[in-house]
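Only one structure is covered here, and it is reproduced in the block below.
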Amino acid sequence: MKTFDINVNDATCPGVTLESIQELQNEATQALNTVLNGTGAGNDFLGWVNLPSETINSDLIDEITSVANVLRAECEAVVCIGIGGSYLGAKAVIEALKNQFAPTKPELLFAGHNIGEDYLAELMDYLADKRFGIIVISKSGTTTEPAIAFRLLRNLLESKVGREEAAKLTVAITDAKRGALRTLATEEGYASFIIDDNIGGRFSVLSPVGLLPIAVAGFNIRALIQGAADMQTICAKPGNPAELYAMTRNALYRAGKKTEILVNYNPKLHFFAEWWKQLYGESEGKDLKGIFPAAVDNSTDLHSMGQWIQDGERTIFETVISVENQQREVVIPTDEANLDGLNFIAGKRVDHVNKMAELGTRIAHIDGGVPELTLTISELSEYTLGQLIYFFEIGCGISGYMLGVNPFNQPGVEDYKRNMFALLEKPGYEAETKAIKARLN
């Protein structure tokens, strides 16, 4: 990450200035120390803090790469089964790095992140004539969405190649000792990796949960981890950019800015924003508190959401991820007829036009009263994505403690499950089933 810039003043948020943000330094440093020393609520879910520098060592990277290479050699497609952080992190990195109009080899597909019947039926149809493998990710093995997908795809794979061969093409990432998936992995002889108890799903992308699918897609997980490790070193000291990010967003929240919009001007970052939304939404949205995380892909969304951002309710602020250099170069040609009126930009790169759209939009939004934070990275690469991931993770922990919540639990996630199990009449939910049916009647 090259720079982190803040454009906040009385015009964009009365009472919030760079000076007032700096007044939160002691509070932010205390929150940082709470994360690093494990002295706050949720301290049993801090295994992600030292993942890049300690847990993910060279030997583990070699092991992950070796298993990935088996799937790469054997499969036309690999289905990654998981929900929430068990798929979003890998999806974010892969989509940011891959050619947008060509599948990776093998093709990485995702399942278990929804209960769409048509989605699963169409996926199985697509796989019917392909040699495919499975990466199944679940601590328990009983989470409804991935469990349904795994049951269906495991049956399909075994029917195609037989049980013994299917076991060679299946990798489980699960609990070390307990749970349905651990039992099945041991019985069937699946290759497996461990999800440590002290790492929550939304903080797991730098663990085997994210690293194996990313390696199967053909990307450099060693560089990803190195970027994260370097950012970990930077963020271990007070006054670091993640701390400043947490200070700024909390200052804005306390002044009435209730929604943060993550903005990109590179379509490859769409799923990175989806990962970020889960990270901050699930970490901060509790106890009737929390900044609402939203995202837009510009310039596309300037033609849909742009009007609201420019002139709507002033309860928002923006964090822009700006990518300095592109991988490819496309120059706009001259056209003799010039019917589209674009000859004034002929000879310029498409990215130059995009950068002017980005700068012009930022100026317009500031003039419209929107505070702007800007993260600039040199390029989209494994290394820079590793930096960004760790930056947002440590920033989330700091920000959550400043907000006054436990950033590492998710009690509200269980509410829908209780209702769903009651409606499905799951054994053990008889009282809940009776109560919810009475309520519906």
Side-chain angles (χ1 to χ4, degrees), residues 60 62-84 86-87 90-91 94 103-196 201 204 207-218 424 426-427:
L60 181 54
D62 287 344
E63 185 182 353
I64 292 169
T65 302
S66 177
V67 172
N69 285 341
V70 171
L71 293 176
R72 286 174 58 77
E74 293 287 336
C75 301
E76 297 173 79
V78 175
V79 186
C80 182
I81 299 175
I83 195 166
S86 295
Y87 95 99
K91 179 83 168 173
I94 292 166
T104 58
K105 294 183 179 181
E107 184 175 6
L108 255 291
L109 304 168
F110 293 86
H113 56 295
N114 60 49
I115 323 177
E117 190 163 21
D118 286 346
Y119 183 98
L120 287 166
E122 291 165 9
L123 175 61
M124 290 189 290
D125 287 346
Y126 184 72
L127 294 170
D129 62 350
K130 291 179 174 59
R131 183 171 173 84
F132 72 93
I134 296 172
I135 300 170
V136 55
I137 304 167
S138 176
K139 278 187 178 180
S140 65
T142 59
T143 303
T144 305
E145 294 90 341
I148 290 172
F150 183 46
R151 179 179 286 204
L152 290 168
L153 292 171
R154 178 188 170 207
N155 284 349
L156 175 63
L157 183 58
E158 289 181 353
S159 70
K160 284 171 60 66
V161 302
R163 186 171 173 179
E164 184 177 346
E165 185 68 11
K168 297 176 183 177
L169 300 176
T170 302
V171 182
I173 304 178
T174 188
D175 189 87
K177 297 179 181 178
R178 59 184 183 274
L181 184 54
R182 169 50 61 197
T183 299
L184 184 64
T186 301
E187 291 176 351
E188 297 294 323
Y190 300 157
S192 67
F193 294 95
I194 293 169
I195 306 175
D196 289 326
S204 67
S207 77
V209 169
L211 297 179
L212 179 61
I214 293 166
V216 170
L424 289 170
K426 182 177 180 177

Item to complete: In sequence, state the C-alpha distance, the side-chain angles, and the governing distance for T143 and I83, and then conclude on side chain to side chain contact (heavy atoms under 4.5 Å, CB included).
Response: CA-CA 9 Å; T143 303; I83 195 166; 4.2 Å; yes
In Å, rounded to the nearest 0.5 Å, how long is the span from [atom1] of [X] to [atom2] of [Y]?
{"X": "R72", "Y": "T65", "atom1": "CZ", "atom2": "OG1", "result": "10.0 Å"}
{"X": "L211", "Y": "E63", "atom1": "CG", "atom2": "CD", "result": "12.0 Å"}
{"X": "N114", "Y": "I148", "atom1": "CG", "atom2": "CD1", "result": "10.0 Å"}
{"X": "E107", "Y": "L127", "atom1": "CD", "atom2": "CG", "result": "8.5 Å"}
{"X": "E158", "Y": "L153", "atom1": "CD", "atom2": "CG", "result": "11.5 Å"}

Measuring only between side-chain heavy atoms, which start at C-beta, is [X] closer than 4.5 Å to [Y]?
{"X": "V67", "Y": "F193", "answer": "yes"}
{"X": "E188", "Y": "T170", "answer": "no"}
{"X": "L152", "Y": "L120", "answer": "yes"}
{"X": "R154", "Y": "L184", "answer": "yes"}
{"X": "L156", "Y": "F132", "answer": "yes"}
{"X": "I81", "Y": "I134", "answer": "yes"}
{"X": "Y126", "Y": "L109", "answer": "yes"}
{"X": "I137", "Y": "I135", "answer": "yes"}

Where is the tightest heavy-atom contact between [X] and [Y], given as atom of each residue plus distance?
{"X": "S138", "Y": "T174", "result": "O-OG1, 2.6 Å"}
{"X": "L123", "Y": "A111", "result": "CD2-CB, 3.7 Å"}
{"X": "S204", "Y": "S207", "result": "O-OG, 2.6 Å"}
{"X": "A215", "Y": "A68", "result": "CB-CB, 3.7 Å"}
{"X": "L108", "Y": "C80", "result": "CD1-CB, 4.4 Å"}
{"X": "P208", "Y": "P213", "result": "O-CD, 3.9 Å"}

Worksheet item: Does the K160 side chain pair with the main chain of A128, one donor and one acceptor, at a distance under 3.5 Å?
Response: yes
Discussion item. Looking at E165 and R131, is any side-chain nitrogen of the basic one under 4.0 Å from a carboxylate oxygen of the acidic one?
Written reply: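 Salt bridge between R131 and E165, a charged N being under 4.0 Å from a carboxylate O: yes.
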Worksheet item: Is E76 paired with K105 through a side-chain N to carboxylate O contact shorter than 4.0 Å?
Response: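 Answer for the salt bridge query: no.
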Worksheet item: Checking side chain to side chain contact (heavy atoms under 4.5 Å, CB included) for the pair C75/L169: CA distance, chi angles, key distance, verdict?
Response: CA-CA 8 Å; C75 301; L169 300 176; 4.0 Å; yes
Worksheet item: Is the Y87 ring parallel, tilted or perpendicular to the H113 ring (thresholds 30°, 60°)?
Response: tilted
Worksheet item: Are a donor atom and an acceptor atom from the side chains of R182 and S192 found within less than 3.5 Å of each other?
Response: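 There is such a pair between these side chains.
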Item to complete: Go through the steps for E117 and I115 under the test side chain to side chain contact (heavy atoms under 4.5 Å, CB included), then give the verdict.
Response: CA-CA 6 Å; E117 190 163 21; I115 323 177; over 6 Å; no
